[in-house]
Amino acid sequence: NAARQLFALMMPTPRACCSSCASLNWNARLALIVSPINMVGIGLTESTMAAFAFLITRSNFLVGLSSTVSGLALLLVAPCAGCLADRVGRQAVLRLPGAPAALSP
């Protein structure tokens with residue numbers, strides 16, 4: 001509840017510039033805050049990984065190939081993970097990638 005109060009201070013109820021802005025609920029406003037932050041993090045990670053890949057391989061082709069494979073993997077896995085989360089629950093799907101790490105010695 002403290003996090004909700006903090007975000008409420010950061011993003012008070014917007015003045016209705018149009019009917020769609022007036023109808024935004026808490027989750028929509030929170031998504032509008034978190035999504036740009038998430039995208040900046042992904043952008044920083046991708047560019048850093050590309051720089052490391054170039055330093056190791058000295059090949060622009062391999063850097064592009066790794067970025068392409070990463071994007072295609074996300075494109076293929078994200079919809080399936082979303083459907084699975086709808087069926088079995090979000091928490092179970094979020095725990096799934098950590099299971100191999102928990103089982104390793």
Side-chain angles (χ1 to χ4, degrees):
N1 205 358
R4 180 175 283 221
Q5 290 173 350
L6 178 65
F7 279 119
L9 290 175
M10 290 172 52
M11 189 167 180
T13 304
R15 291 193 179 127
C17 60
C18 60
S19 61
S20 61
C21 289
S23 65
L24 289 178
N25 67 9
W26 169 255
N27 291 334
R29 283 188 271 153
L30 187 61
L32 289 174
I33 292 172
V34 173
S35 292
I37 296 169
N38 187 23
M39 295 313 286
V40 167
I42 290 172
L44 290 173
T45 303
E46 286 291 326
S47 61
T48 304
M49 292 301 288
F52 281 136
F54 183 76
L55 287 174
I56 292 170
T57 64
R58 299 285 184 203
S59 170
N60 289 330
F61 174 75
L62 291 176
V63 171
L65 182 65
S66 67
S67 295
T68 301
V69 169
S70 173
L72 287 175
L74 183 62
L75 183 69
L76 295 174
V77 170
C80 299
C83 290
L84 188 62
D86 288 341
R87 289 185 186 162
V88 299
R90 183 182 54 164
Q91 292 296 326
V93 173
L94 291 175
R95 288 186 190 125
L96 190 62
L103 297 175
S104 66

Could you pull out all donor-acceptor pairs under 3.5 Å where a side-chain atom in residues 63-73 meets a protein atom, sequence neighbours excluded?
| unit_1 | atom_1 | unit_2 | atom_2 | d |
| --- | --- | --- | --- | --- |
| Ser66 | OG | Leu62 | O | 3.3 |
| Ser66 | OG | Val63 | O | 2.8 |
| Ser67 | OG | Val63 | O | 3.2 |
| Thr68 | OG1 | Gly64 | O | 2.8 |

Checklist entry - Which residues pass the side-chain contact (heavy atoms from CB on, under 4.5 Å) test with Arg58, sequence neighbours left out? => result Phe54, Leu55
Listed pairs under 3.5 Å, donor-acceptor, residues 42-51 side chains, sequence neighbours left out:
| unit_1 | atom_1 | unit_2 | atom_2 | d |
| --- | --- | --- | --- | --- |
| Thr45 | OG1 | Gly41 | O | 2.8 |
| Ser47 | OG | Gly43 | O | 3.0 |
| Ser47 | OG | Leu44 | O | 3.1 |
| Thr48 | OG1 | Leu44 | O | 2.7 |

Checklist outcome for this item: Applying side-chain contact (heavy atoms from CB on, under 4.5 Å) to Val88 and not counting sequence neighbours gives Leu84, Ala92, Val93
